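In what follows, a single structure is set out as structure tokens and then discussed.
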Amino acid sequence: MTMTNKLADIAQRMVAAGKGILAADESTGSIAKRLESINTPSTADSRRDYREMLFGATEAMKANISGVILFDETLRQKARNGRPLVDVIKATGAVPGIKLDTGAKPLALSPGETVTEGLDGLAARVEEYAKLGAEFAKWRAVIDVGKSIPTHNAIHANAHALARYAAICQAGGIVPMVEPEVLMDGDHDIDSCMRITEWALKEQFQELYYAGVKLEGIILKPNMVISGKKCPTQASQEEVAEKTLVVLKRCVPAAVPGIAFLSGGQSSKDATAHLSLMNAAGPLPWKLTFSYGRALQADALKAWGGKDANIDAARAAFSHRAKMNALASVGKWSKSLEK
Ligand code: 13P
């Protein structure tokens, strides 16, 4: 198999019909916040126990999860019975992936903006992660929306870094998830989000082209076009679905096999409803699915509460959200199924 065919094959498995991706790659700092919310100290063991709870929901993993994004620690960790967690994931048929960026850092001379770091030494890290079993990777750029931001400098620096990362991944035989996230944290309206998302994606695909990245072997992980959380006027679910599709159709070539959204702070049910509305409006040139972190995990985290006694209840909560989002990925979710 040629390298491009191998990458395309992995990408196709990541967006298999009726499945989506579990983002479980919270950095040590982010997972500590999640565990704190359920009064559980963050230790290597508690982080392992939490992730083992999720990956061990075998039926849901087999039926509805095509891939799992991991943080470095998890990729090297073993389940309580000594089996590597990466093997627990692979046994369900899901593709293991790795978060490669080292975080969004202040962008010099661009107040309030960041550029995502992690390019130095990346080829060697890709080689090691591929040996550890990762078949795809993720890199998240953060585009903040405010009074005079984003600037072209921030959009361009992040798009360029993402393109270099994507090229390094493909050269090393793993599929890059390209994640330029326009944040929903501000008070901006949906039309500002639409304009900035279109801008970021246009720049992104231009940079991917310059870097020689094969679009058949990437997955795009974008934000939806949505009102800022603090915007007094919140767009309807229908408007979010419609405007997101307009932007994606303008910007994402049909050669891209799939688009897997981040949830970005949407409620679990909104994230599901939006995805379903978009798929129901098909046919679309690419698969459209989920790569949710919070929107897949929030209910399970709460149900688990850091206690072994709650593992079954937590797995049931996770399995339910996975099922709902899997239905949404084929446009077949409805509110009545949430009962
Ligand atoms: P959320 O779905 O919680 O936004 O996380 C997805 C992700 O991987 C962000 O980089």
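Source: prediction; values computed, not measured. Whatever order the structure lists ligands and atoms in, that order sets their numbers, starting from 1.
- Within the model, atoms CD of Q297 and CE of M53 stand 8.0 Å from one another, a figure rounded to the nearest 0.5 Å.
- A side-chain donor from one of Q237 and D270 sits under 3.5 Å from a side-chain acceptor of the other.
- Taking every heavy atom of E179 and a limit of under 4.0 angstrom, the matching atoms of ligand 1 come to 7 (C), 9 (C), 10 (O).
- Using a 4.0 Å heavy-atom cutoff, S291 is listed among the residues neighbouring ligand 1.
- Contacts between K138 and ligand 1 below 4.0 angstrom, taking non-hydrogen atoms only, involve the side chain exclusively.
- Not a single heavy atom of Q297 sits less than 4.0 Å from an atom of ligand 1.
- The part of R140 lying near ligand 1 is the side chain, judged by heavy-atom distances below 4.0 Å.
- Evaluated by nearest non-hydrogen atom to atom 2 (O) of ligand 1, the leading choice among A23, S268, S263 is S263.
- Between D45 and R80 no salt bridge is recorded (no basic side-chain N to carboxylate O distance below 4.0 Å).
- Remark: E26 engages R51 in a salt bridge, criterion side-chain N to carboxylate O under 4.0 Å.
- Under the 4.0 angstrom criterion for non-hydrogen atoms, G264 is in contact with ligand 1.
- In terms of polar-atom proximity, G293 is counted as a contact of ligand 1, with an N or O under 3.5 Å from an N or O of the ligand.
- Close contacts between ligand 1 and Y292 involve ligand atoms 2 (O) [criterion: under 4.0 Å to a heavy atom].
- In the vicinity of R294, heavy-atom distances shorter than 4.0 Å reach the ligand 1 atoms 1 (P), 2 (O), 3 (O), 4 (O).
- T272 and R321 share a donor-acceptor pair across their side chains, judged by distance under 3.5 Å alone.
- Between the side chains of D189 and S227, no donor N or O sits under 3.5 Å from an acceptor N or O.
- In this model, no donor atom of one side chain and acceptor atom of the other lie less than 3.5 Å apart for D49 and S46.
- For the residue pair N279 / S276, no side-chain donor-acceptor distance below 3.5 Å is found, with atom types taken as modelled.
- Looking from atom 7 (C) of ligand 1 to the surrounding protein, the closest heavy atom is K221 NZ, 3.1 Å.
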